[in-house]
Amino acid sequence: MKNKSILILCMLLIFSLTIVAGCGTQEKAAAPQQPQEQKRDVVASQGVVAAAHPLAAKAGLEVLQKGGNAIDAAIATSFALGVVEPNASGLGGGGFATVYIAKEKKSYVVDYRETAPLAAKLSSYKLDEKGKPVDDAMGLVTGYQSVAVPGQLRGMEMLHQKFGSMKWNELMEPAIKQSEAGLTVSQNFSGILADELGRISKDSPSYPWLKQIFYKDGLPANPGDVIKNTELTESLKKIAQGGADVFYKGEIADLIVKEYAEKGKGWITKEDLQNYKAIMREPVQGNYRGYTVMTVPPPSSGGVALLEILNIIEGYDIAKMGAGSADAMHVITEAQKLAFADRAKYMADPEFSKIPLIGLMDKKYAEERRKLIDLKQANTQIKAGEPGKYESGSTTSFSVVDKEGNMVTITQTINHFMGSAVAPAGTGIILNDEMDDFTIDAKSVNAPEPGKRPLSSMAPTVVLKDGVPFATLGTPGATRIITTISNLIVDLIDFKMDLQPAILYPRFHNNNVAATSIESRIPQDVVKALEARGHKFDVKKDMDLFFGGAQGVMLAPDGKLHGGADPRRDGLAVGY
Ligand code: GLU
């Protein structure tokens with residue numbers, strides 16, 4: 001009963017915040033229905049961790065309360081996520097971290113994206129006469145050849161060496177304890193296991209092992225079941241003692257290389273693992289209505305496309321159009337399509353191609369792109385622009401802010417849920433299927449080449465206002481990452497929403513395809529108004545996992561840290 005009244009109070013609060021967010025606007029869109037569910041956000045003063053699983057958020061909080069900084073907490077959360085959300089990220093994957101160091105007033109990006117092994121070339125794929133892959137989509141996402149060299153541990157090592165204050169093994173302790181205790185299966189995870197069963201049972205060389213751990217009697221583990229991956233616990237213990245080298249040069253490297261030599265045609269070799277390096281990169285930076293947006297550069301397209309979308313949107317009075325209005329959705333969707341057309345043509349690993357980065361993020365270029373937006377009609381013929389003229393020169397995301405104002409936002413992944421479904425014998429580690437993020441097309445700048453990083457969409461982002469931290473934002477969701485982060489920034493800045501209502505707000509996404517993906521909560525009158533302008537829709541569930549799971553922290557006007565977490569995953573924000 002008590003819980004019920006708290007729930008009702010929360011719903012009223014969220015509802016009224018959403019209404020407030022829309023106040024002062026001309027066109028009042030019908031308020032979308034917000035989900036009825038448990039409280040996931042937090043208001044705190046010292047530190048906040050927001051992650052896609054409650055135990056991972058708590059692992060980070062434990063470290064903050066022991067005196068660790070935001071980076072220490074992020075490392076602990078990252079390891080814990082690999083244990084309690086093994087479908088989305090882990091030791092076999094990679095990612096990007098955006099870090100803001102308060103006393104330096106400076107941001108850094110650690111790129112620990114997976115990298116194509118030396119054996120990976122376009123000729124490794126069977127192509128038809130048009131240069132398109134012959135294998136069905138499954139062949140490219142499941143099994144040995146879908147795996148790129150993991151970057152996860154080199155990334156954590158770099159974060160720890162540059163910014164950490166606690167001991168490496170202490171940061172791994174919560175994950176090891178959670179792995180020993182076993183993972184209690186959530187409704188969400190059980191559903192994901194069911195969704196992936198078809199491809200895994202058909203194409204995964206590690207199916208016998210996956211079946212033993214995750215699929216009891218060939219059926220997905222049920223909510224409430226406890227899963228123990230003892231081999232992963234052992235791998236974590238070895239890494240806690242011997243550091244990342246155990247994975248890249250030591251005992252775990254040997255197990256991976258053995259599996260590949262015996263069964264995986266040597267796709268990943270000892271040399272590939274030894275050569276892998278995380279890279280410290282300068283963030284890309286833009287300005288949106290006076291806020292500084294610092295985010296991830298290539299080999300992720302996420303940051304650059306995000307800034308291009310925001311630059312295009314900046315030319316319109318979105319606040320006046322109103323949150324959830326057809327006008328705002330029209331403009332934002334068209335901006336998304338314009339940025340995605342450029343993404344497809346220009347974005348790839350910067351080590352392998354020259355990207356017109358400055359042009360893509362230029363305000364004058366955005367002005368030119370804006371001319372292709374007709375306020376009355378959807379543009380169905382959008383192509384990449386000429387940014388060169390403006391040149392002067394199944395993932396998870398989490399955020400941590402500490403009491404010094406240091407901020408970390410990380411997006412890490414093994415790509416599809418359950419990755420390649422390859423787990424080298426004896427490691428307990430599920431490897432990524434990141435080769436799938438290459439474009440198997442000789443004409444693409446993102447075609448696979450040995451040692452190249454596949455193009456990502458990940459965009460963990462830090463936003464400052466007048467040089468002072470304002471928010472950290474991140475989400476999984478492949479190309480939806482770019483549109484979700486830009487929508488969240490518009491919700492926070494233009495519509496003055498609080499973070500949690502912004503996370504709950506119905507999502508929409510168009511990567512320059514015929515139909516815009518929308519959550520079904522978008523009211524019918526808005527959908528009809530947009531259809532009259534030529535938009536088509538692919539209607540998803542009311543709160544759809546397709547759109548990712550955003551986690552973030554906002555330094556709100558009340559001077560407090562507002563942690564927000566996403567019910568599209570098992571998200572929770574905790575703080576103290
Ligand atoms: N592999 C994708 C990327 O790097 C992320 C996958 C996802 O978020 O689901 O962009």
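Small disclaimer: the values here were computed from a predicted structure and weren't measured. Whatever order the structure lists ligands and atoms in, that order sets their numbers, starting from 1.
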Got a salt bridge between [X] and [Y], using NZ or NE/NH1/NH2 to carboxylate O under 4.0 Å?
X    : Y    : value
K162 : E157 : no
K452 : E351 : no
D566 : R507 : yes
D111 : R453 : yes

Close-contact set for ligand 1 against [X] heavy atoms, below 4.0 Å:
X    : value
P476 : 8 (O)
M458 : 4 (O), 10 (O)
D437 : 1 (N), 2 (C), 3 (C), 4 (O), 10 (O)

Trace of the salt bridge (Lys or Arg N to Asp or Glu O under 4.0 Å) decision for R480 with D544: CA-CA 12 Å; R480 278 82 66 199; D544 204 309; over 6 Å; no
Structural part of I481 in contact with ligand 1, heavy atom criterion under 4.0 angstrom: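 It is the side chain that gets close, since no backbone atom is under 4.0 Å.
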Verdict with supporting geometry, E85 and T396, side chain to side chain donor-acceptor pair (under 3.5 Å): CA-CA 9 Å; E85 201 198 27; T396 196; 2.7 Å; yes
H416 near ligand 1 by a heavy-atom separation under 4.0 Å: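 Distance cut 4.0 Å: H416 fails for ligand 1.
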Protein contact to atom 7 (C) of ligand 1 [nearest heavy atom, distance to 0.1 Å]: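 Going atom by atom, the protein heavy atom closest to atom 7 (C) of ligand 1 ends up being T395 OG1, 2.6 Å.
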Sub-3.5 Å N/O-N/O distance, G477 and ligand 1: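 Yes, there is a polar N/O contact under 3.5 Å.
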Nitrogen or oxygen atoms of S457 and ligand 1 under 3.5 Å apart: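 Yes.
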